[in-house]
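As C-alpha cells, the structure follows; a few thoughts come after it.
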There are 2 protein chains.
Amino acid sequence: MPNSKPTPVTMDAVYTAPGYLFRRMQQIAVALFIEECKAFDLTPVQYAALVAISTHPGIDATRLSAVIAFDRSTLGNVIERLQAKEYIVRKPAAEDKRVKLLYLTKAGAAVLGDIMPSVDKAQARMLQPLKPGDRKTLLSLLTQLVDLNNEASRVPLRAEDALEHLGRSG
Amino acid sequence: MPNSKPTPVTMDAVYTAPGYLFRRMQQIAVALFIEECKAFDLTPVQYAALVAISTHPGIDATRLSAVIAFDRSTLGNVIERLQAKEYIVRKPAAEDKRVKLLYLTKAGAAVLGDIMPSVDKAQARMLQPLKPGDRKTLLSLLTQLVDLNNEASRVPLRAEDALEHLGRSG
DNA sequence: GCCATATTGTCAGTATACTGTCAATTAAAT
DNA sequence: ATTTAATTGACAGTATACTGACAATATGGC
C-alpha cells in the first residue's frame, strides 16, 4: 500500500457540487425577484401560481400543483395567502364536493399584468453577468436537464394535467 | 395604436424563466441527495456544514455562514441538529465570550467519510441525463454565474473568511 | 348496491430560508 | 475612560418544501 492516507476533505467537495450551485442560484434568483418586485408583495411561488390560475381558470389545487410542479401540501398555504390578498377566489365544484376551483379576481389579473415587467427584469438580471451566447447555452441545458430529471422530484411537472379541468363545469 | 390588446399570458412566462428552472433543479437535486444518502440521515445543508467544520475546525457560526453562504439565522437550527446527532460539539471561545467554536466529533468525521460516495453518486445522477460535454459546459457556466452573482444574495460566499478563526485560540 | 380503492383537501411535523430585532459583548472613536 | 458602533448568537415571524397521515368523497369491480 503506497498510500493509505484518507483523501483530505476540502471545500471543493461542496463548491463544485452541482447541487450546491443550484442551491446558490436558487437563493440568488429569489433575492433578485424579491428586489425587483418589492412593490407588488408577491413571491416567485405566488407569481407562478397566479400565472397558472390565469392560464387555467377553474383549475383545482391538485391540478395546479402538477402544472407548476409544486408540492400539494405547500400549495395549500400559497393558495391561502393569495386568497387573503384577494387575488384569487375559491368556488366549490358542482359535481365533486371535495374540489374547490380557483379563479383570478380583477385585482389578481391587474397585479399579474403590472408585475410582468419587473419579473422580466429580475429574470434578465440573473443571467446578465454571462455573455449573450452563454446565456442561451445555459438556458438550453438547464431546460433539458429539468425536463430529463422530471421524474426525480416528488411532484413531476404534468403540464397536460391542466386540460382535465375543462371537462368539469368550471 | 395598431394593437391595444394585452399580451395573453401563457405558462411559458413560468416555464422558460431561469428562476423557475433553478427552483426545479434545486428540488430535484435535494430529492436525489436524500434518496442516495437516506442511510445517513443527513440533509444537503447539514452535509455542507459538516464539510466546512471538518475543513475549518474551531470555526464559529458567523464565519461558517460566510464559508458556505447560508443564512446565519438558518444556520443556528442546522448547528443544533448536528449537535443533537452528536456529529459536532460547541466550545465557548476563550477570548470572546460571545463566540462558540465548532468541532467535528469522531462520529461526525466517520459519517462524513462514509457518506462521500453516496453524495458523489447523487451529484453525478443529477447531471447524468446530459451528454458528458454538456455536463462540463453547464457546470462551468453555473460556476461562473454563481460567482458573478455572488453579491446578489443575502449571504455572499466569503471563502476567505474561514481563515480568520486561525487567529483565535481555537 | 356494496366494498375496496383512489382522490381531494387538509393538517401535523420537520427542515431550509429570509427579515427584523434583541441582549450581551467587544472594538473603535475621541 | 466613556460613549458609540459593530459583532455574535439567539429569537420571533413569515414563506417555501417534503413526509406521512386523515376524513370526506368518488369511483371501480363485482
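All chains are named by letter (A, B, ...) in the order of the sequence lines, taking the proteins before the strands, and each is independently numbered beginning at 1.
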Is the shortest side-chain heavy-atom distance between [X] and [Y] below 4.5 Å?
X: Y20(B); Y: V146(A); value: no
X: D71(B); Y: S65(B); value: no
X: L101(B); Y: I59(B); value: no

Taking [atom1] from [X] and [atom2] from [N], how many angstroms apart are they, rounded to a whole number?
X: D60(A); N: dT25(D); atom1: CG; atom2: P; answer: 17 Å
X: L75(B); N: dG9(D); atom1: CG; atom2: C1'; answer: 11 Å
X: L101(A); N: dT7(C); atom1: CG; atom2: C1'; answer: 15 Å
X: N77(B); N: dC11(D); atom1: CG; atom2: C1'; answer: 10 Å
X: F70(B); N: dA15(C); atom1: CZ; atom2: P; answer: 15 Å
X: I79(A); N: dA15(D); atom1: CD1; atom2: C1'; answer: 15 Å
X: I59(B); N: dT8(D); atom1: CD1; atom2: P; answer: 11 Å
X: R72(B); N: dA10(D); atom1: CZ; atom2: C1'; answer: 9 Å

Indicate, yes or no, whether a donor-acceptor pair under 3.5 Å links the base of dG20(C) to the side chain of S73(B).
yes
May I ask you to evaluate whether [X] reaches the phosphate of [N], defined as a side-chain N or O under 4.0 Å from OP1 or OP2?
X: R90(A); N: dT10(C); result: yes
X: T74(B); N: dC18(C); result: no
X: R81(A); N: dT14(D); result: no

So, taking the atom named CD1 in I115(A) and the one named CZ in F33(A), what distance separates them when rounded to the nearest 0.5 Å?
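So the gap between those two atoms works out to 4.5 Å.
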Please tell me which of the listed nucleotides, dA15(C), dC18(C), dT8(C), lies nearest to the side chain of Q27(A)?
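In terms of side-chain proximity for Q27(A), the closest of dA15(C), dC18(C), dT8(C) is dC18(C).
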Nucleotide of dT16(D), dT8(C), dA15(C) approaching Q46(B) most closely (side-chain heavy atoms):
dA15(C)
Could you walk me through whether R24(A) and N149(B) pass the side chain to side chain donor-acceptor pair (under 3.5 Å) test, one step at a time?
CA-CA 9 Å; R24(A) 284 288 289 139; N149(B) 274 319; over 6 Å; no
The criterion is salt bridge (Lys or Arg N to Asp or Glu O under 4.0 Å); which residues satisfy it with E86(B), sequence neighbours excluded?
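E86(B) satisfies salt bridge (Lys or Arg N to Asp or Glu O under 4.0 Å) with no other residue.
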Produce the list of close N/O pairs, under 3.5 Å, pairing protein atoms with atoms of nucleotides 26-29 of chain C; give distances to one decimal.
from	atom 1	to	atom 2	distance (Å)
dT26(C)	OP1	K97(B)	N	2.7

Select from D41(B) and G76(A) the residue whose nearest nucleotide in DNA chain C is closer to the 5' end of that strand.
G76(A)
Nearest nucleotide by nearest heavy atom, which residue falls closer to the 5' end of DNA chain C, K100(A) or A31(A)?
K100(A)
Which residue pairs pass the salt bridge (Lys or Arg N to Asp or Glu O under 4.0 Å) test with at least one member in residues 126-151 of chain B, sequence neighbours excluded?
E151(B)-R158(B)
